[in-house]
Number of protein chains: 2
Amino acid sequence: MLRTALSALLSLEDDIDVVGSAGDGLEGMELTRQLKPDVVIADIEMPKKTGLELANWIKDQKLATRVIIVTTFARSGYLRRALDAGVSGYLLKDSPGDVLPDAIRTVYNGGRTIDPELATQAWSEADPLTDRERQVLRLSAAGLTSSQIASKLNLNDGTVRNYISETISKLSANNRIDAARIARDKGWL
Amino acid sequence: MLRTALSALLSLEDDIDVVGSAGDGLEGMELTRQLKPDVVIADIEMPKKTGLELANWIKDQKLATRVIIVTTFARSGYLRRALDAGVSGYLLKDSPGDVLPDAIRTVYNGGRTIDPELATQAWSEADPLTDRERQVLRLSAAGLTSSQIASKLNLNDGTVRNYISETISKLSANNRIDAARIARDKGWL
DNA sequence: CCACGAACATGACAAAAGTCATTGTTTTGG
DNA sequence: CCAAAACAATGACTTTTGTCATGTTCGTGG
């Protein structure tokens, strides 16, 4: 719905043409390859392929296409990963409606547009979690007990508790629930 | 952004006039009072007042205005509460873009439009939680320990554990994390 | 090559969480 | 008004978590 609505919004601008519209990340790649647009607008959380994967793919293919991420999530971890993937813009869905056309123009002319709210806190903290820790924390956040996580990952019960204990202290959280909440908020999960 | 984009989308329809647009629930009430529109499109999770509160307010005021909820969340609990609040439509943001204009027409003519995916499962289960249980579970989901919750609510430590134990068994969950997840998914939190 | 950090494991202990039975007091709907 | 619910508390008990110390293995970068 947002997609069609944004198409409608952008069609009203004289200097912007909407050349295509994709329902998921994979379709997005396909269309980008075929149409070679100047600018791609993508969400992060999409079916099949995320917006970050799409951006990385565009970077790897060395296409001239620039990427603007438009997403719901004001998470510094997302922004950081997006910038690593070479995107030119990162906007929030709840920013005023007229910023998108402006952002497209800026980016088309080689500039960058980062949501001001996020730009400041972006480089404040790096993700301190290791892959294993993240993985364990994710399962824990899904409501599994330590032993369930252990058997799912073929680990020892105590090992899992160690990982969780590590994440709790790294994130200075109260407990595993708190740790998961903090990691999620920062975009580290 | 979705708001302006939807305005643009709906402006393209000949038989639909966008008479106003509000940034939060309170503004929505204010505008509804002034403009008395035929149909109001509202999200559920909004600042100040939720879409459900807005719908209830419209019902209480006995206005002729009909309400369509457009939200991200496919939660049966939300739909149920929305229907209790007398809304005429409940659509998901990720449904195709052309359903909204049709929905508006249907609702304007006295009909109802409920997202088919949700309509089936809507009456499957009622929220089994009491107010207290919900309240305690919410704090627990925020990462507080039982004793922190207890002192926040002026309750006894064990009482809080009892409530959580109750919710866990009512929702047949593994633990408090799981219980919170289940409740959230159903829209009971 | 070797230091370092990751991943994995064990055991022991303390703290928190979860269960159950029981007993009251309010609220509230028929 | 009465019966159900909801709300609140206590105690006793088990299980799960969280912490700590300690040790092994393995791969990468300087």
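The sequence lines fix the lettering, A, B, ..., with proteins before strands; numbering per chain opens at 1. Excluded from the calculations below are hydrogen atoms, water molecules and symmetry mates; all remaining heavy atoms, backbone and side chain alike, are included.
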[X] has an atom [atom1]; how far is it from atom [atom2] of [N], in whole Å?
X        : N      : atom1 : atom2 : result
B:Asp178 : C:dG18 : CG    : C1'   : 14 Å
B:Ile149 : C:dA17 : CD1   : C1'   : 11 Å
B:Asn154 : D:dC7  : CG    : P     : 16 Å

Pairs under 3.5 Å (N/O, protein and nucleotides 27-30 of chain C):
none

(request) List, by chain and number, the other hydrophobic cluster members for B:Ile149, where Ile, Leu, Val, Met, Phe, Trp and Tyr join if side-chain heavy atoms come within less than 4.5 Å, directly or indirectly. (result) B:Val136, B:Leu139, B:Leu144, B:Leu153, B:Leu155, B:Val160, B:Tyr163, B:Ile164, B:Ile168
(request) Specify the residues of residues 127-134 of chain B, ordered by number, for which at least one heavy atom lies under 4.0 angstrom from an atom of DNA chain C. (result) none
(request) Evaluate whether atom CZ of B:Phe73 has more than 12 neighbouring non-hydrogen atoms of other residues, nucleotides or ligands under 6.0 angstrom away. (result) yes
(request) Ignoring backbone atoms, establish whether B:Thr145 has a side-chain N or O less than 4.0 Å from OP1 or OP2 of C:dA16. (result) no
(message) Quick check on C:dA7: is either OP1 or OP2 less than 4.0 Å from any side-chain nitrogen or oxygen of A:Tyr163?
(response) no
Can you give each donor-acceptor pair under 3.5 Å made by side-chain atoms of residues 24-34 of chain B, sequence neighbours left out, with the distance rounded to 0.1 Å?
{"residue": "B:Asp24", "atom": "OD1", "partner": "B:Leu26", "partner atom": "N", "Å": "2.9"}
{"residue": "B:Asp24", "atom": "OD1", "partner": "B:Glu27", "partner atom": "N", "Å": "2.9"}
{"residue": "B:Asp24", "atom": "OD2", "partner": "B:Lys48", "partner atom": "NZ", "Å": "3.4"}
{"residue": "B:Glu27", "atom": "OE1", "partner": "B:Gly23", "partner atom": "N", "Å": "3.2"}
{"residue": "B:Glu30", "atom": "OE2", "partner": "B:Arg33", "partner atom": "NH2", "Å": "2.3"}
{"residue": "B:Glu30", "atom": "OE2", "partner": "B:Gln34", "partner atom": "NE2", "Å": "3.4"}
{"residue": "B:Thr32", "atom": "OG1", "partner": "B:Gly28", "partner atom": "O", "Å": "2.6"}

Partners of [X] by side chain to side chain contact (heavy atoms under 4.5 Å, CB included), sequence neighbours excluded?
X        : answer
B:Asn109 : none
A:Arg112 : A:Leu83
B:Leu2   : A:Leu2, B:Leu6, B:Lys93
A:Asp157 : A:Ser146, A:Ser147, A:Arg161

(message) Would you say B:Gln135 and B:Arg132 are linked by a side-chain donor-acceptor pair, where the criterion is simply a distance under 3.5 Å?
(response) yes
(message) With a 4.5 Å cut-off on side-chain heavy atoms, are A:Val99 and A:Asp102 touching?
(response) no
(request) Of all the heavy-atom pairs spanning B:Pro37 and B:Val40, show the shortest one and how long it is. (result) CG-CG2, 3.7 Å
(request) Specify the closest pair of heavy atoms between A:Thr167 and A:Ala179, including all atoms of both residues, with the distance to one decimal. (result) OG1-CB, 4.2 Å
Review item, nucleotides 18-23 of chain D N/O atoms under 3.5 Å of protein N/O:
{"residue": "D:dG18", "atom": "OP1", "partner": "A:Arg176", "partner atom": "N", "Å": "3.1"}
{"residue": "D:dG18", "atom": "OP2", "partner": "A:Arg176", "partner atom": "NE", "Å": "2.3"}
{"residue": "D:dG18", "atom": "OP2", "partner": "A:Arg176", "partner atom": "NH2", "Å": "2.7"}
{"residue": "D:dG18", "atom": "N7", "partner": "A:Arg161", "partner atom": "NE", "Å": "2.9"}
{"residue": "D:dG18", "atom": "O6", "partner": "A:Arg161", "partner atom": "NH2", "Å": "3.1"}
{"residue": "D:dT19", "atom": "OP2", "partner": "A:Ser165", "partner atom": "OG", "Å": "2.8"}
{"residue": "D:dC20", "atom": "N4", "partner": "A:Asn162", "partner atom": "OD1", "Å": "2.9"}

Under 3.5 Å, which N/O atoms of the protein pair with N/O atoms of nucleotides 25-30 of chain D?
none

(message) Show every side chain to side chain donor-acceptor pair (under 3.5 Å) that has at least one partner inside residues 2-12 of chain B, sequence neighbours left out.
(response) B:Arg3-B:Ser21
Side-chain donor-acceptor pairs of residues 49-61 of chain B under 3.5 Å, sequence neighbours excluded:
{"residue": "B:Thr50", "atom": "OG1", "partner": "B:Leu52", "partner atom": "N", "Å": "3.4"}
{"residue": "B:Thr50", "atom": "OG1", "partner": "B:Glu53", "partner atom": "N", "Å": "3.1"}
{"residue": "B:Thr50", "atom": "OG1", "partner": "B:Glu53", "partner atom": "OE1", "Å": "3.4"}
{"residue": "B:Glu53", "atom": "OE1", "partner": "B:Thr50", "partner atom": "N", "Å": "2.7"}
{"residue": "B:Asn56", "atom": "ND2", "partner": "B:Leu52", "partner atom": "O", "Å": "3.3"}
{"residue": "B:Lys59", "atom": "NZ", "partner": "B:Asp84", "partner atom": "O", "Å": "2.9"}

